[in-house]
Amino acid sequence: NRSRAAANHRHPLPGGWGEDASLRHALALGVALAVASTACAQERGAALYEQHCAVCHDKKGEGIPGFAPRLAGNLAERAKKESGRAYLAQLVVSGMMGPIVSGGEKFNDAMPSFAALSDDEIVVLAGHVLGDLNGVPGEQRITQQEVAAARKRALPPNEVRRLREQ
């Protein structure tokens, strides 16, 4: 019985290649891939921001007085609420026009629609704006589902401005 129990007992292989080590290795690889994926998304979001947003909102999100509002440091409170994230997704998908007040400053211009971007591109771009420029945690950032809902809703730009006021 002892020899049968010894034969059925699993011993880790030399060098840490037992089942536990393989599981740890797979878990470590998964974590490394997730970290790399997050870093890649941050880089893509920053590049998309530079390409599509920085010309109006400034490279660091500081805005241009009288022309485009500051994004950096202004969006965290809005992102905490589901309705705020829905508005932000709609803003990027549909654009916006009409008078607004942001940070105590008045603006009366138009933001173009970025509906030509894919849902994933909008999510990583918004992730850059919310995360890197506003310190918003991942669970309070715009999701693919929120972007898809904004596309389905397809509001004209002047209606998006009204959402802002809600």
Undergrad: So that I can tick it off, tell me whether Arg44 and Asp120 are bridged by a salt bridge, with the cut-off set at under 4.0 angstrom between side-chain N and carboxylate O.
TA: yes
Undergrad: Taking atom CD of Glu139 as the centre, report whether more than 12 heavy atoms of other residues, nucleotides or ligands fall under 6.0 Å from it.
TA: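 Yes, CD of Glu139 has more than 12 neighbouring heavy atoms, counting only those of other groups under 6.0 Å.
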Undergrad: Quick check: do Gln51 and Leu48 have side-chain heavy atoms less than 4.5 Å from each other?
TA: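 Sidechains of Leu48 and Gln51: in contact.
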Undergrad: Please check if the side chain of Asn134 supplies one atom and the backbone of Gly73 the other of a donor-acceptor pair under 3.5 Å.
TA: yes
Undergrad: Are Arg85 and Glu82 close enough, and set up right, to give a salt bridge (charged side-chain N to carboxylate O under 4.0 Å, His left out), and what steps lead you there?
TA: CA-CA 5 Å; Arg85 291 189 301 276; Glu82 188 176 323; 5.1 Å; no
Undergrad: Looking only at atom types and distance, does a side-chain atom of Arg164 sit under 3.5 Å from a main-chain N or O of Val101, one as donor and one as acceptor?
TA: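 Such a contact is found between Arg164 side chain and Val101 backbone.
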Undergrad: Answer whether the closest heavy-atom distance between the side chains of Arg153 and Leu163 falls below 4.5 Å.
TA: yes
Undergrad: Which heavy atom of Phe107 sits nearest a heavy atom of Ile64, and at what distance?
TA: CE2-O, 3.8 Å
Undergrad: Quick check: do Val136 and Leu75 have side-chain heavy atoms less than 4.5 Å from each other?
TA: no
Undergrad: Are the side chains of Val129 and Leu88 in touch, meaning some heavy atoms are under 4.5 Å apart?
TA: no
Undergrad: When you compare the side chain of Cys53 with that of Met111, does any pair of heavy atoms fall below 4.5 Å?
TA: no
Undergrad: Where the side chain of Arg70 meets the backbone of Gly103, is there a donor-acceptor pair that is under 3.5 Å apart?
TA: no
Undergrad: Is there a side-chain contact between Arg161 and Met97, using heavy atoms and a 4.5 Å cut-off?
TA: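 Not touching, per the 4.5 Å side-chain cut-off.
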Undergrad: Any non-hydrogen side-chain atom of Ile100 less than 4.5 Å from a side-chain atom of Pro69?
TA: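 When only atoms from C-beta onward are counted, Pro69 and Ile100 do touch, with a gap below 4.5 Å.
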Undergrad: Classify the ring geometry between His128 and Tyr49 as parallel (under 30°), tilted (30 to 60°) or perpendicular (over 60°).
TA: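 Ring orientation of His128 relative to Tyr49: tilted.
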Undergrad: Is the shortest side-chain heavy-atom distance between Pro99 and Lys106 below 4.5 Å?
TA: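 Contact flag for Pro99/Lys106 side chains = no.
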